[in-house]
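Here the structure comes first, spelled out in structure tokens, and everything after it is commentary.
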Amino acid sequence: MSRSTMKLPKKSIDEVLAPFSRRAASVIPILQAIQAEYGYLSEDAVKRTALHACVPESAVFGAATFYSQFRLVPPGEHLVRVCQGTACHVLGGADVLDSLCEELEIDEGGTTADGLFTLESVRCLGCCSLAPAVMIDGETYGRVTRAALPGILGRYRRGDVS
Ligand code: FES
């Protein structure tokens, strides 16, 4: 398991945009870079992407809404990603997802009312030998069971993990 406890200051939007060429083909990589930096795509980020890539704002907005990887609202403080890839699915990943929905009282893709957690499903977390796996922020939890979830989430609810 690895986890970073120090949060680095975010880059400015200009710094994020700078490495990308000013053409339509840059739109998706730019949106990915902005979301990696800020956690979501703000309206301003969509506009700045359009300006930088020399395409209409409507085209950037269309791409941002078409691909499920993009988020248009800020995520919760902690991003819970539950794997639904083949290895995890075979070993109970769907049950872990259902349990997380119940425990957090949200649907997949939702954010808890207190803004603490956002829940997403992913195709593979790259640690199939630990299936079923869940990743919260940068920390991986393997062989997750329904019974283990309150304890795992409790670490974040108590602020044991920042
Ligand atoms: S299938 Fe779940 S980590 Fe790869």
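Computed from a predicted model, the values in this text were never measured in an experiment. Start at 1 and go down the list; that is how both ligands and their atoms are numbered.
Aromatic ring orientation, Phe117 versus His78: tilted (interplanar angle from 30° to 60°).
Salt-bridge formation is detected for the pair Glu103/Arg157: a Lys NZ or Arg NE/NH1/NH2 atom is positioned less than 4.0 Å from an Asp or Glu carboxylate oxygen.
Looking at heavy atoms from C-beta onward, Thr49 lies in side-chain contact with Leu31 at the 4.5 angstrom threshold.
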Only distances under 3.5 Å count here; give the side-chain donor-acceptor pairs of residues 57-70 to other protein atoms, sequence neighbours excluded, each with its distance to 0.1 Å.
residue : atom : partner : partner atom : Å
Thr65   : OG1  : Phe61   : O            : 3.0
Thr65   : OG1  : Gly62   : O            : 3.1
Gln69   : OE1  : Gln32   : NE2          : 3.1

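Annotation: side-chain hydrogen bond (donor to acceptor under 3.5 Å, both in side chains) contacts of Asp95 (sequence neighbours excluded): Arg146. Residues passing the side-chain contact (heavy atoms from CB on, under 4.5 Å) test with Ile106, sequence neighbours excluded: Leu104, Thr112, Leu119.
Excluding waters, the set of protein N/O/S atoms under 2.8 Å from atom 2 (Fe) of ligand 1 reads Cys83 SG, Cys88 SG.
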